[in-house]
2 protein chains.
Amino acid sequence: MAESKEFLYPVKWLSKASAGDRVTSELRMRIISGMIESGAILSENKLAADFGVSRSPVREALKILASENIIRLERMGAVVIGLTEKKYAEIYDVRILIETFVFERLVRMNTNELVMELSKILGMMKVSIKYLDADEFSYQDVLFHETIIRSIDHSYILMIWDNLKPVMESLILLSMRSRFKEKYEDFTRIINNHQLYIDAIKTKDRDIMIKSLHENFDDVQGKVEDLWMAQQMLSKGVEQEND
Amino acid sequence: MAESKEFLYPVKWLSKASAGDRVTSELRMRIISGMIESGAILSENKLAADFGVSRSPVREALKILASENIIRLERMGAVVIGLTEKKYAEIYDVRILIETFVFERLVRMNTNELVMELSKILGMMKVSIKYLDADEFSYQDVLFHETIIRSIDHSYILMIWDNLKPVMESLILLSMRSRFKEKYEDFTRIINNHQLYIDAIKTKDRDIMIKSLHENFDDVQGKVEDLWMAQQMLSKGVEQEND
DNA sequence: TCAAGTACACTTGTATACAAGTATTTTATA
DNA sequence: TATAAAATACTTGTATACAAGTGTACTTGA
(Lines give C-alpha, C1' and ligand atoms only; values in the text may rest on other atoms or scores of the structure.)
Protein backbone atom coordinates (compact mmCIF):
# COMPACT_ATOMS: atom_id res chain seq x y z
CA MET A 1 0.00 0.00 0.00
CA ALA A 2 2.35 2.76 1.17
CA GLU A 3 4.87 1.62 -1.38
CA SER A 4 8.05 3.60 -1.81
CA LYS A 5 8.36 5.23 -5.21
CA GLU A 6 12.11 4.74 -5.08
CA PHE A 7 13.50 1.78 -6.96
CA LEU A 8 16.99 0.57 -6.22
CA TYR A 9 17.44 -1.18 -9.54
CA PRO A 10 18.06 1.16 -12.51
CA VAL A 11 14.69 1.50 -14.23
CA LYS A 12 16.31 2.22 -17.60
CA TRP A 13 17.74 -1.32 -17.57
CA LEU A 14 14.22 -2.67 -17.46
CA SER A 15 12.72 -0.86 -20.43
CA LYS A 16 11.92 -4.03 -22.31
CA ALA A 17 11.67 -6.29 -19.30
CA SER A 18 8.59 -8.15 -18.16
CA ALA A 19 6.89 -7.54 -14.84
CA GLY A 20 8.50 -10.73 -13.61
CA ASP A 21 11.97 -9.44 -14.43
CA ARG A 22 11.21 -6.12 -12.81
CA VAL A 23 10.11 -7.72 -9.58
CA THR A 24 13.07 -10.08 -9.62
CA SER A 25 15.65 -7.34 -10.06
CA GLU A 26 14.14 -4.94 -7.60
CA LEU A 27 13.56 -7.57 -4.96
CA ARG A 28 17.13 -8.77 -5.32
CA MET A 29 18.44 -5.26 -4.80
CA ARG A 30 16.30 -4.73 -1.75
CA ILE A 31 17.50 -7.95 -0.19
CA ILE A 32 21.17 -7.48 -0.99
CA SER A 33 21.13 -3.87 0.09
CA GLY A 34 19.68 -4.92 3.41
CA MET A 35 16.53 -2.88 2.86
CA ILE A 36 14.66 -6.15 3.31
CA GLU A 37 16.34 -7.71 6.28
CA SER A 38 17.70 -11.20 6.55
CA GLY A 39 15.16 -13.50 8.18
CA ALA A 40 12.15 -11.60 6.88
CA ILE A 41 9.35 -13.72 5.49
CA LEU A 42 8.01 -12.77 2.09
CA SER A 43 4.48 -13.55 1.06
CA GLU A 44 3.54 -13.87 -2.57
CA ASN A 45 0.28 -12.04 -2.07
CA LYS A 46 1.87 -9.21 -0.17
CA LEU A 47 4.66 -8.76 -2.67
CA ALA A 48 2.14 -8.79 -5.49
CA ALA A 49 0.18 -6.06 -3.77
CA ASP A 50 3.32 -4.04 -3.01
CA PHE A 51 4.56 -4.19 -6.60
CA GLY A 52 1.11 -3.74 -8.05
CA VAL A 53 1.21 -6.97 -10.06
CA SER A 54 -0.40 -10.38 -9.81
CA ARG A 55 1.09 -13.42 -8.14
CA SER A 56 2.40 -14.90 -11.41
CA PRO A 57 5.40 -12.59 -11.87
CA VAL A 58 6.07 -12.66 -8.14
CA ARG A 59 6.21 -16.45 -8.12
CA GLU A 60 8.62 -16.32 -11.00
CA ALA A 61 10.81 -13.86 -9.11
CA LEU A 62 10.85 -15.97 -5.95
CA LYS A 63 11.87 -19.08 -7.87
CA ILE A 64 14.78 -17.23 -9.42
CA LEU A 65 15.93 -15.65 -6.17
CA ALA A 66 15.75 -19.06 -4.51
CA SER A 67 18.02 -20.50 -7.21
CA GLU A 68 20.43 -17.66 -6.46
CA ASN A 69 20.43 -18.63 -2.82
CA ILE A 70 19.31 -15.31 -1.42
CA ILE A 71 15.93 -16.57 -0.31
CA ARG A 72 14.74 -19.99 0.81
CA LEU A 73 11.33 -21.29 -0.31
CA GLU A 74 9.55 -22.94 2.58
CA ARG A 75 6.12 -24.37 3.07
CA MET A 76 4.69 -21.09 4.15
CA GLY A 77 6.46 -18.05 2.88
CA ALA A 78 9.88 -17.36 1.44
CA VAL A 79 12.56 -16.71 4.02
CA VAL A 80 15.14 -14.07 3.18
CA ILE A 81 18.66 -15.41 3.57
CA GLY A 82 20.62 -12.37 2.49
CA LEU A 83 24.39 -12.28 2.26
CA THR A 84 26.51 -13.09 5.27
CA GLU A 85 30.24 -12.52 5.27
CA LYS A 86 30.71 -16.25 4.76
CA LYS A 87 28.64 -16.01 1.62
CA TYR A 88 30.72 -13.17 0.25
CA ALA A 89 33.80 -15.31 0.66
CA GLU A 90 32.02 -18.16 -1.09
CA ILE A 91 31.01 -15.99 -4.02
CA TYR A 92 34.61 -15.00 -4.54
CA ASP A 93 35.76 -18.58 -4.21
CA VAL A 94 33.59 -19.37 -7.17
CA ARG A 95 34.67 -16.32 -9.12
CA ILE A 96 38.31 -17.22 -8.66
CA LEU A 97 37.52 -20.79 -9.59
CA ILE A 98 35.87 -19.95 -12.88
CA GLU A 99 38.08 -17.03 -13.86
CA THR A 100 41.15 -19.17 -13.31
CA PHE A 101 39.62 -21.83 -15.48
CA VAL A 102 38.83 -19.27 -18.15
CA PHE A 103 42.36 -17.93 -18.08
CA GLU A 104 43.79 -21.37 -18.71
CA ARG A 105 41.66 -21.64 -21.81
CA LEU A 106 42.48 -18.15 -22.97
CA VAL A 107 46.23 -18.68 -23.14
CA ARG A 108 45.61 -21.26 -25.84
CA MET A 109 43.37 -19.01 -27.92
CA ASN A 110 43.67 -16.07 -30.24
CA THR A 111 42.70 -13.21 -27.96
CA ASN A 112 43.07 -10.25 -30.35
CA GLU A 113 39.38 -9.74 -30.78
CA LEU A 114 38.73 -10.12 -27.07
CA VAL A 115 41.39 -7.55 -26.21
CA MET A 116 39.77 -5.10 -28.61
CA GLU A 117 36.38 -5.67 -27.05
CA LEU A 118 37.74 -5.26 -23.54
CA SER A 119 39.55 -2.05 -24.46
CA LYS A 120 36.31 -0.65 -25.78
CA ILE A 121 34.52 -1.51 -22.55
CA LEU A 122 37.35 0.03 -20.54
CA GLY A 123 36.90 3.20 -22.59
CA MET A 124 33.22 3.20 -21.68
CA MET A 125 34.12 2.79 -18.03
CA LYS A 126 36.38 5.85 -18.18
CA VAL A 127 33.62 7.93 -19.70
CA SER A 128 31.19 6.74 -17.04
CA ILE A 129 33.57 7.94 -14.36
CA LYS A 130 34.01 11.32 -16.02
CA TYR A 131 30.27 11.86 -16.10
CA LEU A 132 29.72 10.45 -12.61
CA ASP A 133 27.39 7.69 -13.80
CA ALA A 134 27.74 4.96 -11.19
CA ASP A 135 25.10 2.72 -12.73
CA GLU A 136 26.64 2.85 -16.18
CA PHE A 137 30.04 2.17 -14.67
CA SER A 138 28.69 -0.87 -12.87
CA TYR A 139 27.10 -2.11 -16.04
CA GLN A 140 30.37 -1.89 -17.93
CA ASP A 141 32.28 -3.47 -15.06
CA VAL A 142 30.01 -6.50 -15.08
CA LEU A 143 30.10 -6.60 -18.86
CA PHE A 144 33.90 -6.60 -18.78
CA HIS A 145 34.06 -9.81 -16.81
CA GLU A 146 31.19 -11.40 -18.65
CA THR A 147 32.92 -10.70 -21.96
CA ILE A 148 36.01 -12.54 -20.78
CA ILE A 149 33.98 -15.50 -19.60
CA ARG A 150 31.87 -15.69 -22.75
CA SER A 151 34.96 -15.65 -24.94
CA ILE A 152 35.91 -19.25 -24.20
CA ASP A 153 32.49 -20.47 -25.34
CA HIS A 154 31.87 -22.92 -22.51
CA SER A 155 28.19 -23.33 -21.81
CA TYR A 156 28.50 -24.74 -18.30
CA ILE A 157 31.02 -22.19 -17.13
CA LEU A 158 28.64 -19.64 -18.55
CA MET A 159 25.83 -21.29 -16.63
CA ILE A 160 27.72 -20.74 -13.40
CA TRP A 161 28.27 -17.12 -14.35
CA ASP A 162 24.60 -16.68 -15.19
CA ASN A 163 23.72 -17.77 -11.69
CA LEU A 164 26.31 -15.58 -10.07
CA LYS A 165 25.92 -12.53 -12.26
CA PRO A 166 22.72 -11.01 -10.86
CA VAL A 167 24.05 -11.05 -7.33
CA MET A 168 27.40 -9.67 -8.49
CA GLU A 169 25.61 -6.96 -10.42
CA SER A 170 23.63 -5.92 -7.39
CA LEU A 171 26.70 -5.90 -5.18
CA ILE A 172 28.68 -3.82 -7.64
CA LEU A 173 25.83 -1.38 -8.21
CA LEU A 174 25.43 -0.70 -4.52
CA SER A 175 29.14 -0.45 -3.91
CA MET A 176 29.84 1.85 -6.85
CA ARG A 177 27.05 4.23 -5.98
CA SER A 178 28.45 4.74 -2.53
CA ARG A 179 31.99 5.08 -3.89
CA PHE A 180 31.07 7.78 -6.33
CA LYS A 181 29.97 9.80 -3.36
CA GLU A 182 32.68 9.00 -0.89
CA LYS A 183 35.76 7.47 -2.47
CA TYR A 184 35.90 8.94 -5.91
CA GLU A 185 39.68 8.55 -6.11
CA ASP A 186 39.33 4.74 -6.06
CA PHE A 187 38.28 4.69 -9.66
CA THR A 188 41.67 5.42 -11.18
CA ARG A 189 42.92 2.35 -9.35
CA ILE A 190 40.04 0.24 -10.61
CA ILE A 191 40.74 1.39 -14.16
CA ASN A 192 44.40 0.47 -13.78
CA ASN A 193 43.46 -2.98 -12.53
CA HIS A 194 41.27 -3.59 -15.52
CA GLN A 195 44.02 -2.37 -17.85
CA LEU A 196 46.36 -4.86 -16.21
CA TYR A 197 43.75 -7.53 -16.82
CA ILE A 198 43.71 -6.67 -20.52
CA ASP A 199 47.51 -6.66 -20.71
CA ALA A 200 47.60 -10.09 -19.11
CA ILE A 201 45.26 -11.43 -21.74
CA LYS A 202 47.13 -9.70 -24.54
CA THR A 203 50.55 -11.00 -23.54
CA LYS A 204 49.12 -14.31 -22.34
CA ASP A 205 51.43 -14.00 -19.38
CA ARG A 206 50.12 -16.25 -16.66
CA ASP A 207 51.99 -14.38 -13.93
CA ILE A 208 50.42 -11.06 -14.82
CA MET A 209 47.09 -12.85 -15.05
CA ILE A 210 47.36 -14.15 -11.52
CA LYS A 211 48.54 -10.78 -10.28
CA SER A 212 45.72 -8.86 -11.90
CA LEU A 213 43.23 -11.47 -10.80
CA HIS A 214 44.21 -11.05 -7.19
CA GLU A 215 44.34 -7.27 -7.38
CA ASN A 216 40.90 -7.37 -8.85
CA PHE A 217 39.65 -9.44 -5.99
CA ASP A 218 41.35 -7.28 -3.43
CA ASP A 219 39.52 -4.46 -5.08
CA VAL A 220 36.30 -6.38 -4.93
CA GLN A 221 36.92 -6.96 -1.27
CA GLY A 222 36.90 -3.20 -0.95
CA LYS A 223 33.61 -3.13 -2.75
CA VAL A 224 32.15 -5.42 -0.18
CA GLU A 225 33.25 -3.21 2.68
CA ASP A 226 31.58 -0.31 0.92
CA LEU A 227 28.48 -2.39 0.67
CA TRP A 228 28.32 -2.73 4.42
CA MET A 229 28.46 1.03 4.63
CA ALA A 230 25.68 1.33 2.09
CA GLN A 231 23.62 -1.13 4.07
CA GLN A 232 24.07 0.93 7.20
CA MET A 233 22.93 4.03 5.37
CA LEU A 234 19.92 2.31 3.95
CA SER A 235 18.75 0.55 7.06
CA LYS A 236 18.84 3.87 8.88
CA GLY A 237 16.97 5.74 6.21
CA VAL A 238 14.30 3.20 5.47
CA GLU A 239 11.34 2.40 7.63
CA GLN A 240 10.46 -1.27 7.67
CA GLU A 241 6.82 -2.14 7.18
CA ASN A 242 5.63 -4.80 9.58
CA ASP A 243 1.98 -5.53 10.07
CA MET B 1 -3.61 -36.99 -26.98
CA ALA B 2 -1.95 -40.27 -27.96
CA GLU B 3 0.36 -39.87 -25.00
CA SER B 4 2.73 -42.70 -24.20
CA LYS B 5 2.02 -44.32 -20.86
CA GLU B 6 5.71 -44.96 -20.38
CA PHE B 7 7.59 -42.50 -18.21
CA LEU B 8 11.35 -42.42 -18.33
CA TYR B 9 11.74 -40.81 -14.93
CA PRO B 10 11.14 -43.16 -11.98
CA VAL B 11 7.60 -42.43 -10.83
CA LYS B 12 8.33 -43.50 -7.29
CA TRP B 13 10.76 -40.58 -6.96
CA LEU B 14 7.88 -38.21 -7.61
CA SER B 15 5.45 -39.40 -4.98
CA LYS B 16 5.31 -36.08 -3.16
CA ALA B 17 6.28 -33.94 -6.13
CA SER B 18 4.13 -31.26 -7.70
CA ALA B 19 2.89 -31.43 -11.26
CA GLY B 20 5.56 -28.90 -12.14
CA ASP B 21 8.30 -31.16 -10.79
CA ARG B 22 6.85 -34.14 -12.58
CA VAL B 23 6.82 -32.36 -15.92
CA THR B 24 10.31 -31.01 -15.34
CA SER B 25 11.84 -34.38 -14.53
CA GLU B 26 10.11 -36.29 -17.28
CA LEU B 27 10.78 -33.67 -19.92
CA ARG B 28 14.42 -33.59 -18.95
CA MET B 29 14.69 -37.34 -19.32
CA ARG B 30 13.02 -37.29 -22.70
CA ILE B 31 15.38 -34.62 -23.97
CA ILE B 32 18.55 -36.15 -22.60
CA SER B 33 17.61 -39.62 -23.75
CA GLY B 34 17.11 -38.25 -27.25
CA MET B 35 13.44 -39.24 -27.26
CA ILE B 36 12.74 -35.57 -27.93
CA GLU B 37 15.27 -34.66 -30.55
CA SER B 38 17.65 -31.76 -30.51
CA GLY B 39 16.23 -28.84 -32.47
CA ALA B 40 12.62 -29.70 -31.72
CA ILE B 41 10.40 -26.80 -30.75
CA LEU B 42 8.30 -27.21 -27.64
CA SER B 43 5.03 -25.37 -27.18
CA GLU B 44 3.65 -24.69 -23.73
CA ASN B 45 0.12 -25.48 -24.82
CA LYS B 46 1.07 -28.69 -26.52
CA LEU B 47 3.15 -29.91 -23.60
CA ALA B 48 0.33 -29.03 -21.23
CA ALA B 49 -2.05 -31.11 -23.32
CA ASP B 50 0.42 -33.99 -23.59
CA PHE B 51 1.03 -34.12 -19.86
CA GLY B 52 -2.58 -33.47 -18.99
CA VAL B 53 -1.83 -30.38 -16.92
CA SER B 54 -2.28 -26.65 -17.35
CA ARG B 55 0.30 -24.23 -18.67
CA SER B 56 1.46 -23.15 -15.21
CA PRO B 57 3.48 -26.24 -14.31
CA VAL B 58 4.75 -26.47 -17.88
CA ARG B 59 6.03 -22.90 -17.79
CA GLU B 60 7.78 -23.68 -14.56
CA ALA B 61 9.41 -26.73 -16.12
CA LEU B 62 10.60 -24.83 -19.16
CA LYS B 63 12.18 -22.11 -17.04
CA ILE B 64 14.09 -24.71 -15.07
CA LEU B 65 15.23 -26.65 -18.12
CA ALA B 66 16.37 -23.39 -19.71
CA SER B 67 18.49 -22.63 -16.65
CA GLU B 68 20.02 -26.08 -17.05
CA ASN B 69 20.92 -25.24 -20.62
CA ILE B 70 19.10 -28.11 -22.27
CA ILE B 71 16.48 -25.91 -23.90
CA ARG B 72 16.59 -22.32 -25.10
CA LEU B 73 13.61 -20.03 -24.50
CA GLU B 74 12.90 -17.97 -27.59
CA ARG B 75 10.16 -15.56 -28.55
CA MET B 76 8.06 -18.30 -29.99
CA GLY B 77 8.57 -21.73 -28.57
CA ALA B 78 11.33 -23.37 -26.59
CA VAL B 79 14.08 -24.88 -28.70
CA VAL B 80 15.57 -28.16 -27.52
CA ILE B 81 19.34 -27.95 -27.28
CA GLY B 82 20.08 -31.42 -25.98
CA LEU B 83 23.55 -32.64 -25.15
CA THR B 84 26.28 -32.59 -27.75
CA GLU B 85 29.62 -34.27 -27.14
CA LYS B 86 31.10 -30.84 -26.46
CA LYS B 87 28.57 -30.37 -23.71
CA TYR B 88 29.44 -33.68 -22.08
CA ALA B 89 33.04 -32.57 -21.93
CA GLU B 90 31.94 -29.27 -20.41
CA ILE B 91 29.86 -30.96 -17.75
CA TYR B 92 32.84 -32.99 -16.66
CA ASP B 93 35.07 -29.91 -16.72
CA VAL B 94 32.77 -28.44 -14.13
CA ARG B 95 32.53 -31.62 -12.11
CA ILE B 96 36.30 -31.89 -11.93
CA LEU B 97 36.48 -28.20 -11.05
CA ILE B 98 34.13 -28.44 -8.11
CA GLU B 99 35.16 -31.86 -6.85
CA THR B 100 38.79 -30.76 -6.83
CA PHE B 101 37.78 -27.70 -4.87
CA VAL B 102 35.84 -29.84 -2.44
CA PHE B 103 38.77 -32.19 -1.96
CA GLU B 104 41.04 -29.32 -1.02
CA ARG B 105 38.60 -28.34 1.69
CA LEU B 106 38.13 -31.91 2.88
CA VAL B 107 41.78 -32.52 3.66
CA ARG B 108 41.52 -29.80 6.32
CA MET B 109 38.41 -31.23 7.91
CA ASN B 110 37.41 -34.05 10.18
CA THR B 111 36.04 -36.54 7.70
CA ASN B 112 35.11 -39.40 10.03
CA GLU B 113 31.42 -38.77 9.84
CA LEU B 114 31.53 -38.30 6.09
CA VAL B 115 33.39 -41.57 5.60
CA MET B 116 30.75 -43.37 7.64
CA GLU B 117 27.98 -41.86 5.57
CA LEU B 118 29.71 -42.73 2.31
CA SER B 119 30.30 -46.30 3.41
CA LYS B 120 26.62 -46.64 4.15
CA ILE B 121 25.75 -45.35 0.69
CA LEU B 122 28.26 -47.72 -0.88
CA GLY B 123 26.56 -50.56 0.97
CA MET B 124 23.26 -49.49 -0.53
CA MET B 125 24.83 -49.45 -3.96
CA LYS B 126 26.01 -53.03 -3.53
CA VAL B 127 22.55 -54.15 -2.56
CA SER B 128 21.07 -52.35 -5.55
CA ILE B 129 23.39 -54.27 -7.82
CA LYS B 130 22.52 -57.58 -6.20
CA TYR B 131 18.84 -56.99 -6.76
CA LEU B 132 19.32 -55.52 -10.24
CA ASP B 133 17.74 -52.20 -9.38
CA ALA B 134 19.32 -49.74 -11.82
CA ASP B 135 17.25 -46.79 -10.65
CA GLU B 136 18.09 -47.30 -7.01
CA PHE B 137 21.75 -47.71 -7.91
CA SER B 138 21.67 -44.43 -9.83
CA TYR B 139 20.02 -42.70 -6.92
CA GLN B 140 22.72 -43.86 -4.54
CA ASP B 141 25.47 -42.99 -6.99
CA VAL B 142 24.23 -39.41 -7.26
CA LEU B 143 23.72 -39.26 -3.52
CA PHE B 144 27.30 -40.42 -2.98
CA HIS B 145 28.73 -37.44 -4.80
CA GLU B 146 26.21 -35.02 -3.41
CA THR B 147 27.08 -36.12 0.11
CA ILE B 148 30.73 -35.32 -0.50
CA ILE B 149 29.90 -31.93 -1.92
CA ARG B 150 27.47 -31.04 0.85
CA SER B 151 30.00 -31.95 3.51
CA ILE B 152 32.09 -28.82 3.03
CA ASP B 153 29.06 -26.59 3.64
CA HIS B 154 29.69 -24.15 0.81
CA SER B 155 26.48 -22.65 -0.49
CA TYR B 156 27.77 -21.49 -3.85
CA ILE B 157 29.56 -24.72 -4.66
CA LEU B 158 26.32 -26.39 -3.72
CA MET B 159 24.49 -24.01 -6.03
CA ILE B 160 26.64 -25.19 -8.91
CA TRP B 161 25.90 -28.77 -7.98
CA ASP B 162 22.19 -28.07 -7.76
CA ASN B 163 22.27 -26.84 -11.34
CA LEU B 164 24.32 -29.75 -12.56
CA LYS B 165 22.66 -32.49 -10.56
CA PRO B 166 19.43 -33.00 -12.50
CA VAL B 167 21.28 -33.46 -15.77
CA MET B 168 23.81 -35.76 -14.11
CA GLU B 169 21.01 -37.75 -12.57
CA SER B 170 19.34 -38.22 -15.92
CA LEU B 171 22.59 -39.21 -17.59
CA ILE B 172 23.42 -41.73 -14.91
CA LEU B 173 19.91 -43.19 -14.87
CA LEU B 174 19.95 -43.82 -18.60
CA SER B 175 23.47 -45.15 -18.58
CA MET B 176 22.97 -47.51 -15.65
CA ARG B 177 19.76 -48.95 -17.03
CA SER B 178 21.51 -49.94 -20.22
CA ARG B 179 24.51 -51.29 -18.31
CA PHE B 180 22.43 -53.54 -16.14
CA LYS B 181 21.29 -55.18 -19.31
CA GLU B 182 24.47 -55.29 -21.30
CA LYS B 183 27.54 -54.74 -19.18
CA TYR B 184 26.70 -56.11 -15.81
CA GLU B 185 30.32 -56.86 -14.98
CA ASP B 186 31.14 -53.13 -14.98
CA PHE B 187 29.58 -52.69 -11.60
CA THR B 188 32.28 -54.36 -9.58
CA ARG B 189 34.69 -51.85 -11.08
CA ILE B 190 32.39 -48.96 -10.22
CA ILE B 191 32.11 -50.19 -6.65
CA ASN B 192 35.89 -50.43 -6.40
CA ASN B 193 36.26 -46.90 -7.67
CA HIS B 194 33.89 -45.60 -5.07
CA GLN B 195 35.72 -47.53 -2.36
CA LEU B 196 38.94 -45.89 -3.52
CA TYR B 197 37.19 -42.55 -3.26
CA ILE B 198 36.28 -43.25 0.33
CA ASP B 199 39.79 -44.40 1.15
CA ALA B 200 41.17 -41.21 -0.31
CA ILE B 201 38.94 -39.15 1.93
CA LYS B 202 39.71 -41.31 4.96
CA THR B 203 43.48 -41.11 4.57
CA LYS B 204 43.34 -37.55 3.24
CA ASP B 205 45.91 -38.61 0.71
CA ARG B 206 45.80 -36.13 -2.11
CA ASP B 207 47.45 -38.55 -4.54
CA ILE B 208 44.82 -41.22 -4.04
CA MET B 209 42.19 -38.54 -4.30
CA ILE B 210 43.44 -37.43 -7.70
CA LYS B 211 43.76 -41.03 -8.82
CA SER B 212 40.27 -41.99 -7.75
CA LEU B 213 38.89 -38.78 -9.16
CA HIS B 214 40.30 -39.55 -12.57
CA GLU B 215 39.27 -43.17 -12.47
CA ASN B 216 35.80 -42.04 -11.60
CA PHE B 217 35.73 -39.75 -14.56
CA ASP B 218 37.12 -42.36 -16.86
CA ASP B 219 34.30 -44.46 -15.62
CA VAL B 220 31.86 -41.70 -16.26
CA GLN B 221 33.24 -41.38 -19.73
CA GLY B 222 32.16 -44.97 -20.20
CA LYS B 223 28.74 -44.04 -18.95
CA VAL B 224 28.46 -41.46 -21.66
CA GLU B 225 29.30 -43.96 -24.34
CA ASP B 226 26.57 -46.17 -22.98
CA LEU B 227 24.23 -43.26 -23.19
CA TRP B 228 24.81 -42.95 -26.90
CA MET B 229 23.86 -46.56 -27.21
CA ALA B 230 20.74 -45.97 -25.19
CA GLN B 231 19.85 -43.04 -27.40
CA GLN B 232 20.21 -45.16 -30.48
CA MET B 233 17.91 -47.76 -28.99
CA LEU B 234 15.34 -45.19 -28.03
CA SER B 235 15.32 -43.22 -31.22
CA LYS B 236 14.72 -46.41 -33.12
CA GLY B 237 11.96 -47.61 -30.85
CA VAL B 238 10.05 -44.39 -30.44
CA GLU B 239 7.85 -42.79 -33.01
CA GLN B 240 8.04 -39.01 -32.99
CA GLU B 241 4.75 -37.16 -33.03
CA ASN B 242 4.77 -34.27 -35.49
CA ASP B 243 1.56 -32.57 -36.52
C1' DT C 1 -5.96 -20.57 34.52
C1' DC C 2 -5.21 -24.07 31.27
C1' DA C 3 -6.34 -27.65 27.49
C1' DA C 4 -8.57 -29.21 23.53
C1' DG C 5 -11.06 -28.48 19.62
C1' DT C 6 -12.99 -25.61 16.11
C1' DA C 7 -13.05 -21.79 12.95
C1' DC C 8 -10.65 -18.60 10.31
C1' DA C 9 -7.02 -16.45 7.73
C1' DC C 10 -3.37 -17.25 4.89
C1' DT C 11 -0.40 -20.29 2.29
C1' DT C 12 0.95 -22.80 -2.12
C1' DG C 13 -0.02 -25.12 -6.56
C1' DT C 14 -2.83 -25.39 -10.48
C1' DA C 15 -6.35 -24.11 -13.84
C1' DT C 16 -8.31 -20.81 -16.68
C1' DA C 17 -9.06 -16.34 -18.97
C1' DC C 18 -7.47 -12.59 -21.47
C1' DA C 19 -4.54 -9.11 -23.82
C1' DA C 20 -0.85 -8.05 -26.78
C1' DG C 21 2.16 -9.50 -30.07
C1' DT C 22 4.08 -12.54 -33.96
C1' DA C 23 4.20 -15.97 -37.57
C1' DT C 24 1.48 -18.09 -41.19
C1' DT C 25 -1.85 -18.70 -44.39
C1' DT C 26 -5.29 -17.16 -47.12
C1' DT C 27 -7.35 -13.92 -50.04
C1' DA C 28 -7.48 -10.10 -53.07
C1' DT C 29 -5.27 -7.58 -56.66
C1' DA C 30 -2.16 -6.50 -60.38
C1' DT D 1 1.65 -16.14 -61.61
C1' DA D 2 3.51 -12.94 -58.29
C1' DT D 3 2.80 -9.68 -54.67
C1' DA D 4 0.54 -7.17 -51.12
C1' DA D 5 -2.83 -7.04 -47.61
C1' DA D 6 -5.85 -9.07 -44.30
C1' DA D 7 -7.55 -12.72 -41.59
C1' DT D 8 -6.23 -16.59 -38.63
C1' DA D 9 -4.00 -19.35 -35.48
C1' DC D 10 -0.56 -19.46 -32.92
C1' DT D 11 2.68 -17.49 -29.16
C1' DT D 12 3.96 -15.34 -24.44
C1' DG D 13 3.03 -12.79 -20.13
C1' DT D 14 -0.19 -11.58 -16.72
C1' DA D 15 -4.41 -11.67 -14.01
C1' DT D 16 -7.68 -14.13 -11.58
C1' DA D 17 -10.10 -18.09 -9.54
C1' DC D 18 -10.15 -22.07 -6.88
C1' DA D 19 -8.82 -26.22 -4.19
C1' DA D 20 -6.14 -28.34 -0.72
C1' DG D 21 -3.37 -27.79 2.98
C1' DT D 22 -1.13 -25.36 7.19
C1' DG D 23 -0.74 -22.41 11.08
C1' DT D 24 -3.00 -19.28 14.27
C1' DA D 25 -6.24 -17.66 17.22
C1' DC D 26 -10.20 -17.93 19.41
C1' DT D 27 -13.76 -20.25 21.82
C1' DT D 28 -15.45 -23.67 24.72
C1' DG D 29 -15.07 -26.60 28.49
C1' DA D 30 -13.05 -28.07 32.83
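What you see below is based on every heavy atom in this structure, not just the backbone, and it leaves out hydrogens, waters and symmetry mates.
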Report task. Count the heavy atoms of every other residue, nucleotide or ligand shown that sit under 6.0 Å from NZ of B:Lys86, and state whether that count exceeds 12. Result -> yes
Query raised in the report: Under 4.0 Å: is that the gap between some side-chain N or O of B:Asn45 and OP1 or OP2 of D:dC10?
Result: no
Query raised in the report: Quick one: is B:Ser54 getting a side-chain N or O under 4.0 Å of the C:dT14 phosphate, OP1 or OP2?
Result: no
Query raised in the report: Nearest-Å distance, NZ (B:Lys16) to P (C:dT12)?
Result: 18 Å
Requested in this report: Assign B:Ser18 to base, sugar-phosphate, or nothing according to its heavy-atom contacts below 4.0 angstrom with the strands shown.
Outcome: sugar-phosphate
Query raised in the report: For the pair made of CG in B:Leu42 and P in D:dC10, what is the distance, rounded to whole Å?
Result: 17 Å
**Report entry** Nucleotide nearest B:Ser43 (side chain, heavy atoms from C-beta), chosen from D:dT11, C:dT11, C:dA17
**Finding:** D:dT11
Query raised in the report: Whole Å only: how far is the CD1 atom of A:Ile41 from the C1' atom of C:dT12?
Result: 15 Å
Query raised in the report: Over how many whole Å does the gap from B:Lys63 atom NZ to D:dT12 atom P extend?
Result: 10 Å
Query - Atom-to-atom span, CD of B:Glu74 to C1' of D:dG13 - whole angstrom - result: 17 Å
Query raised in the report: Starting at the 5' end of DNA chain D and moving along, which residue's nearest nucleotide shows up first, B:Glu44 or B:Ser56?
Result: B:Glu44
Requested in this report: Find the distance B:Ile71:CD1 to D:dT12:C1' and express it as a whole number of Å.
Outcome: 14 Å
Query raised in the report: Taking only N and O in the side chain of A:Arg75, is any of them less than 4.0 Å away from OP1 or OP2 of C:dT12?
Result: no
Query - Any A:Trp13 side-chain heavy atom under 4.5 Å of A:Arg22 side chain - result: no
**Report entry** Pairwise side-chain contact, B:Met168 with B:Arg95, heavy-atom cut-off 4.5 Å (strictly under)
**Finding:** yes
Report task. Select one nucleotide: of D:dT14, C:dG13, C:dT11, the one nearest the side-chain heavy atoms of A:Arg55. Result -> C:dG13
**Report entry** A:Tyr156 and B:Glu68 side chains, donor-acceptor separation under 3.5 Å
**Finding:** no
**Report entry** Between P of C:dG13 and CZ of B:Arg22, the distance in whole Å
**Finding:** 13 Å
Query raised in the report: For A:Phe7, is the NZ or CZ atom of A:Arg30 found under 6.0 angstrom from the centre of its six-membered ring and inside 45 degrees of the ring axis?
Result: yes
Report summary line: When B:Met76 and A:Val53 are each assigned the nearest nucleotide of DNA chain D, the 5'-most assignment goes to B:Met76
Query raised in the report: Whole-Å distance between D:dT12 P and B:Arg59 CZ?
Result: 7 Å
